[in-house]
Amino acid sequence: MTAIQDILREALREVFAGLGLEAGEIALEQPSRREHGDWSSNAAMALAKSAGKPPRDLAGEVCEVLSRDMPMHVSRVEVAGPGFVNFYLADSWWHAVLEQIMAEGADYGCLSFGEGHRVNLEFVSANPTGPLHAGHARGAAYGDALGSILERCGYEVEREFYVNDRGAQLDNFAVSLAARLVGLPPPPDGYHGDYVDEWAQELPSELAAMIEDIEPRPAPPALLNSASDTASTDPEPSNLSTSVTNPDELSSWYSQVASHSNFSDLRTWCRNYAIANQQATLGRLNISFERWFSETSLLDAKKVDDLLIGLQADGTVYQQDGATWLRVSDFGDDQDRVLVKSDGELTYLLPDIAYHQDKLGRADTLIDIWGADHHGYIARMKAAIAALGEAPERLEVILCQIVKLLRDSEEVKISKREGDLITLDEIINEIGPDAARFAYLLQSPDSQQTVDLNVLSEKSMENPVFYVQYAHVRACAILRQARELGVEMQTECDLTLLSHDRERDVLRYLGDLPAELKTACHARAPHRIVSWLRELSSAFHSFYHDCRVTGDDVADDLTQARLALVDAVRIGLAIGLDLVGVSKPEQM
RNA sequence: GCCCUCGUAGCUCAGGGGAUAGAGCAGCGGCCUCCGGAGCCGUGCGCGCAGGUUCGAAUCCUGCCGAGGGCGCCA
């Protein structure tokens with residue numbers, strides 16, 4: 001079915017051509033005020049100058065020509081304001097929308113402009129050194145929803161999670177875990193959260209035995225074990241604990257762990273445990289990734305070495321102060337960056353460039369979703385891509401601004417104490433997976449967000465996710481009720497009976513879905529779908545209030561037409577809820 | 001100092017060149033012989049400030065003010 005915008009645009013183009021005017025992009029919009037029609041164009045105002053006529057006169061001519069041979073589904077046109085051409089649609093358009101939804105079902109609103117284009121969507125990418133926390137939630141909800149939107153527009157999408165399993169931090173985490181297993185404090189720059197103790201208890205017996213066999217083992221500090229209350233009020237528990245244990249003995253013990261012949265097994269176990277834990281949390285949100293990409297696999301495949309050799313051959317790297325630098329200032333970054341430190345260690349950047357190079361070989365467009373604190377890294381990565389000889393536009397970085405959590409009207413501190421963050425699991429436990437996903441998608445990722453946990457945990461009308469889900473439940477209930485009354489939905493019914501304002505409102509929103517999806521896709525804006533869901537739900541609740549579907553006082557053929565409408569609403573809500581990853585209950 | 005994002009109603013936020021700027025919540029006032037009232041209907045002196053571009057600016061540009069975040073041989 002041709003979109004109504006295209007029908008109107010084409011009609012206008014023909015009229016202008018008849019007047020000897022070449023219209024470029026013809027803008028069409030849905031006026032905010034109902035009395036300005038269903039669609040409006042400012043084309044006459046834009047073309048007035050080249051036509052050499054006042055805008056209103058030109059618009060008047062356009063309306064005259066249009067009125068002589070009205071475009072399909074248009075009931076009337078008029079000149080308004082400074083020279084707008086306003087279109088009023090005939091009911092036939094809304095009925096055509098409904099027919100299309102009935103014919104296409106769950107496929108309604110699928111677009112195809114992305115076909116043949118591969119998008120790699122990387123998000124969350126938390127370090128494998130702990131559970132996902134509150135700071136990961138927004139990116140998770142956003143990334144998965146954006147993926148669904150892209151897919152519905154025809155793109156081939158791969159959701160990917162980059163696992164930073166190389167380098168000191170994972171070593172550090174493994175040593176911290178080992179230390180906590182035997183009651184020792186973690187290293188000063190190690191991991192301090194309570195989860196470290198909990199995870200240490202899950203170690204398989206051979207790894208636990210390996211750790212327990214490391215001698216000499218310093219005496220555990222009494223304070224840390226016996227009085228956790230005291231420890232929790234101390235701002236730096238690690239200082240306290242090292243002060244009662246011989247620091248030299250401790251650091252010697254840490255080194256022995258890190259240099260143990262089986263240390264890599266411990267590391268691997270930690271990494272895998274963390275990934276499994278994160279996957280479980282994401283699973284609760286119904287989010288899964290096609291690919292979990294390991295950083296160490298890049299090194300194993302020599303991709304980092306090859307990259308460095310290639311860059312050296314190009315002359316885009318140089319040596320200075322004993323380090324290897326990438327000349328990214330030639331490609332848009334504000335300064336050059338170190339790839340290999342003077343001690344021979346790689347920076348984070350070098351494997352990350354190799355990673356993006358790998359992704360560029362697998363997709364046409366890369367979308368990275370990062371936290372706002374990584375904003376300074378964008379220019380660096382884009383410049384690096386340019387240095388590889390690729391177009392930097394192929395990488396799109398979306399920053400999610402931070403989220404402030406509110407409980408009892410007070411800000412919830414994301415960090416409970418050192419190393420111990422509010423976990424994503426805790427948030428899901430408190431408000432449920434649907435509310436969590438919906439809440440994080442209410443607003444544009446550009447804006448800093450305030451999420452009120454009280455509102456979202458209450459199953460009240462204040463909670464927007466329940467408002468929308470209830471609309472879906474209500475649609476299902478009406479259809480169920482009709483079946484129980486023995487009313488069978490006919491395949492053919494007289495849609496011209498649908499002429500109530502409430503019915504038209506509902507159809508208007510349903511008809512907007514394809515355009516709304518397109519906008520949401522181009523603007524990378526899943527929150528547009530959320531807004532649309534809330535509007536459709538509102539229109540449907542109003543319809544429900546004013547228009548009975550079944551009952552003795554409703555004619556059979558009207559019941560049939562309205563059942564079709566209700567089913568279309570159910571389909572529309574289901575599509576939208578699927579896009580944002582929220583469940584669609586049939587009853588509550 | 002430089003860079004990025006944001007500033008819209010009491011609160012949380014949409015709208016990102018068009019006509020009289022919208023929604024939810026809170027507040028106030030209504031609606032149950034009715035498919036589930038977890039609902040519906042009323043009710044709103046609001047675009048941080050100042051310039052500029054334009055027929056037209058909440059929207060684009062410049063400056064200022066305010067909030068947050070970045071400017072590592074950290075990851």
Side-chain angles (χ1 to χ4, degrees), chain A residues 27 29 31-33 35-36 40-42 45-46 48-49 54-55 80-84 86 127 129 164 166-170 189 295 320-325 334-335 337-349 351-352 371-380 399-402 404 406 409 439 442-452 455 458-464 466-467 469-471 473-475 477-482 484-485 487 502 523 525 527-528 530-531 534-535 537-538 540-551 553-554 559 562-563 566 587-588:
Chain A
E29 59 164 21
S32 47
R33 303 186 65 81
E35 61 265 33
H36 294 144
S40 176
S41 178
N42 65 359
M45 282 140 77
K49 199 170 255 179
F84 291 101
N86 292 344
N127 289 333
T129 54
N164 299 120
R166 179 197 68 88
Q169 52 178 354
L170 185 52
D189 53 350
E295 186 180 5
Q320 186 181 305
D321 304 329
T324 305
W325 297 70
D334 52 0
Q335 55 178 285
R337 305 290 172 177
V338 171
L339 296 180
V340 185
K341 297 188 248 178
S342 51
D343 64 2
E345 282 294 314
L346 309 182
T347 60
Y348 179 82
L349 181 61
D352 206 20
D373 55 341
H374 285 68
H375 131 75
Y377 199 71
I378 298 176
R380 198 175 311 183
L399 296 180
C400 284
Q401 297 295 322
I402 55 161
K404 187 162 49 165
L406 228 54
S409 304
L442 283 170
Q443 279 105 45
S444 151
D446 290 337
S447 60
Q448 293 172 20
Q449 228 186 348
T450 305
V451 169
D452 190 323
V455 168
E458 286 166 22
K459 301 192 173 182
S460 70
M461 55 187 169
E462 295 178 41
N463 189 342
F466 282 94
Y467 185 84
Q469 286 186 317
Y470 184 60
V473 168
R474 178 165 265 177
I478 294 170
L479 297 168
R480 194 168 49 236
Q481 175 90 14
E484 283 164 9
L485 290 170
V487 181
R502 298 302 197 190
H527 73 276
R528 300 287 299 237
V530 169
S531 298
R534 298 172 76 179
E535 286 164 355
S537 299
S538 172
F540 179 59
H541 286 310
S542 299
F543 158 81
Y544 170 87
H545 188 264
D546 288 354
C547 304
R548 290 191 57 81
V549 176
T550 57
D553 51 342
V554 184
T559 291
R562 286 182 171 165
L563 281 174
V566 171
Q587 44 195 4
M588 280 176 167

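Keep in mind that what you see is a predicted model, and the values were worked out from it rather than measured. Atoms considered below: every heavy atom in the structure, side chains included; atoms not considered: hydrogens, waters and symmetry mates.
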message = Regarding A:Thr450, tell me which of base, sugar-phosphate or nothing describes its non-hydrogen contacts under 4.0 Å with the strands shown.
response = sugar-phosphate
inquiry  = I'd like to know if the side chain of A:Asp321 reaches the main chain of A:Ala323, judged simply by a donor and an acceptor atom lying under 3.5 Å from each other, with no hydrogens or angles considered.
reply    = no
inquiry  = Among residues at least two apart in sequence or on other chains, which ones pass ring-ring contact (aromatic ring centres under 6.0 Å, His included) with A:His375?
reply    = none
note = Comparing A:Tyr544 with A:Ser444, nearest RNA chain B nucleotide closer to 5' gives the residue A:Ser444
ask   = When you measure from the side chain of A:Ser41 to the backbone N and O of A:Ala27, does any donor-acceptor pair fall under 3.5 Å?
value = yes
remark   = Taking B:A14, B:G36, B:C55 as options, the one with an atom nearest any side-chain atom of A:Tyr470 is B:G36
key: B:U12 phosphate, OP1 or OP2, under 4.0 Å from A:Gln443 side-chain N/O   = no
message = I want to check something: taking the side chain as every heavy atom from C-beta on, are A:Glu29 and A:Asn42 in contact at a cut-off of under 4.5 Å?
response = no
ask   = What's the CZ-P distance between A:Phe466 and B:G37, to the nearest Å?
value = 17 Å
task = Taking the side chain as every heavy atom from C-beta outward, state whether A:Arg562 and A:Ile478 have any atom pair closer than 4.5 Å.
result = no
query = So, is A:Ser447 near the phosphate of B:A14, with a side-chain N or O under 4.0 Å from OP1 or OP2?
reply = yes
inquiry  = Give me the distance, rounded to whole Å, that separates B:U59 from B:A50 when you measure between the P atoms they each carry.
reply    = 13 Å
query = Counting distance only, does the side-chain N/O of A:Ser538 pair as donor-acceptor with the main-chain N or O of A:Arg534 below 3.5 Å?
reply = no
message = Under 5.5 Å centre to centre and under 30° between planes: does that hold for A:Tyr467 and the six-membered base ring of B:G24?
response = no
inquiry  = Need one value for A:Asn86: base, sugar-phosphate or nothing, where a base atom within 4.0 Å counts as base even if backbone is also close, heavy atoms only.
reply    = base
ask   = What is the base-pairing partner of B:G72, counting Watson-Crick and G-U wobble geometry with both distances under 3.5 Å?
value = none
ask   = So, is A:His36 near the phosphate of B:U20, with a side-chain N or O under 4.0 Å from OP1 or OP2?
value = no
message = Need the pair for B:C31. Rule: Watson-Crick or G-U wobble, both distances under 3.5 Å, any strand; none if unpaired.
response = B:G39
inquiry  = On RNA chain B, does the nearest nucleotide to A:Ser542 precede the nearest nucleotide to A:Arg33 from the 5' side, or the other way round? Give the residue.
reply    = A:Arg33
A:Arg534 side chain near B:C25 phosphate (N/O to OP1/OP2, under 4.0 Å) = no
message = Partner lookup for B:C25, please. Criteria are Watson-Crick or G-U wobble with both distances under 3.5 angstrom; report none if nothing qualifies.
response = B:G10
ask   = Taking A:Glu295 for the side chain and A:Tyr348 for the main chain, is one N or O donor matched with an acceptor at less than 3.5 Å?
value = no
task = For residues A:Leu339 and A:Trp325, determine if any side-chain heavy atom of one lies less than 4.5 Å from a side-chain heavy atom of the other.
result = no
request  = For A:Ala80, report the nucleic acid contact type (base, sugar-phosphate, nothing); a contact means any heavy atom under 4.0 Å.
outcome  = base
request  = Hey, could you give me the CG/CD distance between A:Leu479 and A:Glu484, rounded to the nearest 0.5 Å?
outcome  = 11.5 Å
Partner nucleotide, any strand, of B:U5 [Watson-Crick/G-U, under 3.5 Å] = B:A67
remark   = Each nucleotide of nucleotides 56-62 of chain B classed B (base within 4.0 Å of a protein heavy atom), S (only sugar-phosphate) or -, in 5' to 3' order, makes -------
request  = Output yes when at least one side-chain N/O atom of A:Arg502 is less than 4.0 Å from OP1 or OP2 of B:C40, else no.
outcome  = no
message = What's A:Arg528 touching, base or sugar-phosphate or nothing? Going by heavy atoms closer than 4.0 Å.
response = sugar-phosphate
request  = Give none if B:G56 has no partner; otherwise give the nucleotide forming a Watson-Crick or G-U wobble pair with it, both distances under 3.5 Å.
outcome  = none
key: Watson-Crick or G-U wobble partner of B:U20, both distances under 3.5 Å   = none
ask   = With both distances under 3.5 angstrom, what nucleotide forms a Watson-Crick or G-U wobble pair with B:U62?
value = B:A50
ask   = Between A:Asn127 and A:Gln169, does any side-chain donor sit less than 3.5 Å from a side-chain acceptor?
value = yes
message = At 4.0 Å (heavy atoms only), tell me whether A:Cys547 reaches a base, stays on the sugar-phosphate, or touches nothing.
response = base
request  = Tell me, with the steps shown, if A:His541 and A:Arg474 meet side chain to side chain contact (heavy atoms under 4.5 Å, CB included).
outcome  = CA-CA 9 Å; A:His541 286 310; A:Arg474 178 165 265 177; 3.1 Å; yes
message = Heavy atoms from C-beta onward define the side chain here; which of B:A19, B:C31, B:C35 lies closest to that of A:Phe84?
response = B:A19
ask   = Which is true for A:Glu345 with a 4.0 Å heavy-atom rule: it touches a base, it touches only sugar-phosphate, or it touches nothing?
value = nothing
ask   = Can you give one letter per nucleotide of nucleotides 67-75 of chain B, 5' to 3': B if a protein heavy atom sits under 4.0 Å from the base, S if only from the sugar-phosphate, - if neither?
value = -BBS-SBSB
